[in-house]
Every structure is written in structure tokens, then in C-alpha cells.
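Heads up, the thing below is written out as C-alpha cells.
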Amino acid sequence: MEIPFLDLKTQHRALKAEILALWSEILDSAGFIGGKYVEDFERGFAEACGASHCLAVNSGTDALRFILLALGLEAGDEVITVPNTFIATTEAISQAGGKVVFVDVDPATCNIDPRKLEAAVSPRTRGIIPVHLYGNPADMEAVQAIAERFGLWVVEDACQAHLAEYKGRRAGTIGRAAAFSFYPGKNLGACGEAGAVTTADPAIAAKVRLLRDHGQAQKYYHDLEGYNGRCDALQAAALSVKLSRLPGWCQRRREHASLYLDLLKDVPGITLPATTPGGLPVYHLFVIQVENRDNVMRRLQEKGIATALHYPVPLHLQKAYAHMNLPPGSFPVAEGCARRLLSLPIYPELTEKQIRYVCTTLKEVLKNDCAP
Ligand SMILES: *Cc1c(COP(=O)(O)O)cnc(C)c1O
């Protein structure tokens, strides 16, 4: 059996006629930038999240950067986040003029460890960006308690967490603002690049609206220097079609995760992903931890099962951050996760038979080839 890590082709076969019908209208109207399709998607996504404002932008990275600029980040301001995220989180901080400060993660969830936050706060700290990693919400109550104590803002990196919930609230409505990515492989993916900002703060919404469009509220009248960071109509239309399917897809992902959790429970040598108390994850990724990970990965590949690593090298050990002088051992929990983590295939189109094959094969591999 061949099991790809991700299968977007099947999803697109089912939606092709619907998406092409909208794209045909857009081609005929030549309204590629802004307009009805973008506004419709923004309204739909805000409603789906329960957010007051949604601003569609060019990418999740732009969403993060625009939020930080809208919050008035200044040179040298410190922003706390985790080392085991996609580099976009920290690129946005640095590119908005801030200084990245890492804290280690919780060993059970690999999400930000609120117990380590206080020690990372300095007089220059302005805010915290918890990442809802793999679609599992961060421990927001504990993060926000620290933020309130020190007068910091909290911005959610919800790029992997469309429709995830935390204590009855959807991702994107918990912090001051949130960034979403619609990169094709995300749970809600465009047919190209797109992202969004959600917030309840009208001032942030107004500023992001300017920033994404060269600082203009009226064409060629610029209130400030902004960016070319808009979401185009073709992406917005495809996203609206997919948004109508998203609740069903989340349900499928949760069912798949339950089956994985059930079939792999009590298997010696496997640490299963934990859910944050009060969280309802959407399983963008299903990430287990095993010893001899590279060997397990190779053996699974030989049996036709594609897996992936999210992420193989924590950010503080990347060449891009060599100037931070954070040697191995600086964030031991994140580093341990990076050594052991393995993302198994999970997507709505996956079948129960495929999941059973992955689990049976994984158990065989652990027993025969990779005994620690
Ligand atoms: C995907 C992702 C981003 C960046 O999103 P893009 O749309 O690719 O710019 C940021 N943070 C996390 C955690 C992500 O997974």
C-alpha cells in the first residue's frame, strides 16, 4: 500500500467544478484584486472563527508581520515565542523590528510552557506569540495570566489551527489578534498563497487594512508606507468553497486522530501527542515521538508510508540565528522533541484502512528493526 504524506489532489478533484465556476466569473470580470470574493471570504472566515474582524492578506507570514506592525512594535522591543515553530513566526518579529526571545516548550504538548515565561520577561518585553502547534491550542489561560501581570499583549500564531477551540473559544478570538495561513497544505489551503488576520480590536483591523495595501484607504492617497500584502480574488474564491467543507474536514481529522490514538496506545516506544487541557485540536499534523526516529522513518518509507518532520531543527540551532549564540542544550525540551518527532499522514481523505496499515506497520517496525 502506498500512503502519501498529504493528498491534495483528491480534495481538488471533488471541488474542481465549483472552484472553476467562480474562477471563470473572476476571469470574465477581471476583478482580481480586492472586491466581492475577498469580502465574502473575510465575512465567512470571521463568522467561522467567531471573530469580529477578518482581514485577508497574502500569507500567514504577512498576517503575523502586519499584526506586529499594527501593535506598534519598535526597534529593540522583545517578543517571546517558541523555538520549535516554522521560521515565519520569528521572521515576522525580526522584520517588524523586534527582538526574538525564545522559551522552551511543554514536554507533553510541545507547545509554549507557561511555567518558563516569567523568566523570559524583561523590561523590553512587549508581547508573547504562542503557536497552536500542529493544531493543538496553546495553554492560553496560563499564557494570558502572565501577559496580564506584565502588561504584555498576546498574539496567536493560529497558522496551523483553523477552527481549533480552547475552553469554548475558537483559535483567532483568544489573543489581541491572530494570524492564519492558507498555504496549500494547511487545513484550509488556497491554490497558491494566502493568509488572514483576525481580531476584535478595530484599531488593529484598521491598521492591518492599510498595511496590506500600501497604506492607502483611497487609491493613490497614502496615509503611511505599507506593503503589497493583499489576498487576491482567485484565492479568496477557492477559499470560500473550501471553507464550506472545513467543519466536515476537521471532524474527519479528529476521527482519524482518535483511531491513531486508539491503535497506538500502550505501544512501547511511542509517545502519543497530548491535548492541552481545555483544548479541542484540529490535528493539522499528527506527531508522535519515537527513539531511533530516522531509522523508523526510513523503514516506513520502504513499506510505502510517507512521513515528515515538523521541524527537524529548532530555530535557535538554525544558521539563520547563529548570531543569537544559543548553543545546543539552551532549550532541551524543544531539542528532545526535534530528535524524536515524526509526523504521520493525516488528512480528511485518508481511509480507516490506510490508518490501520500505518499503525500495524509502525508496530512491526518498532518491534523488529528499531528496538531501542
Ligand atoms: C505555515 C505557518 C506560518 C506561515 O504561513 P505562510 O502562509 O506560509 O506564510 C507561520 N507559522 C506557522 C506555525 C505555520 O505553520
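Just follow the structure's listing: the first ligand is 1, and inside any ligand the first atom is 1.
Residue Ala88 approaches ligand 1 through these ligand atoms, each under 4.0 Å from one of its heavy atoms: 3 (C), 4 (C), 10 (C). Atoms of ligand 1 found under 4.0 Å from any heavy atom of Thr85 (numbered from 1 in listed order, with element): 13 (C). Every atom of ligand 1 with a heavy atom of Val131 under 4.0 Å away is listed here by number and element: 13 (C). Remark: ligand 1 atoms within the under-4.0 Å shell around heavy atoms of Gly60 are 5 (O), 6 (P), 7 (O), 9 (O). Per-residue contacts place Cys159 under 4.0 angstrom from the following atoms of ligand 1 (heavy atoms of the residue considered): 2 (C), 3 (C), 10 (C), 11 (N), 12 (C), 14 (C). Numbered from 1 in the order shown, with element, the atoms of ligand 1 that lie under 4.0 Å from a heavy atom of Thr61 read 4 (C), 5 (O), 6 (P), 9 (O).
The ring of Phe180 has its center closer than 6.0 angstrom to the ring center of Phe45. Taking the six-membered ring wherever Trp is involved, the centroid distance between the rings of His310 and Tyr134 does not fall below 6.0 Å. You'll find the ring centres of Tyr183 and Phe86 outside the 6.0 Å limit. Taking the six-membered ring wherever Trp is involved, the centroid distance between the rings of His256 and Phe286 does not fall below 6.0 Å.
By the 4.0 Å N-to-carboxylate-O rule, Glu39 lies too far from Lys36 to be salt-bridged with it. A salt bridge does not link Glu165 to Arg254: none of the charged side-chain nitrogens sits closer than 4.0 Å to a carboxylate oxygen.
Residues meeting the side chain to side chain donor-acceptor pair (under 3.5 Å) test with Thr81, sequence neighbours left out: none.
Looking only at heavy atoms of the protein, atom 15 (O) of ligand 1 is closest to Gln160 NE2, 2.8 Å. Looking only at heavy atoms of the protein, atom 2 (C) of ligand 1 is closest to Lys186 NZ, 2.7 Å. Nearest protein heavy-atom contact of atom 13 (C) of ligand 1 is Asp157 OD2, 3.5 Å.
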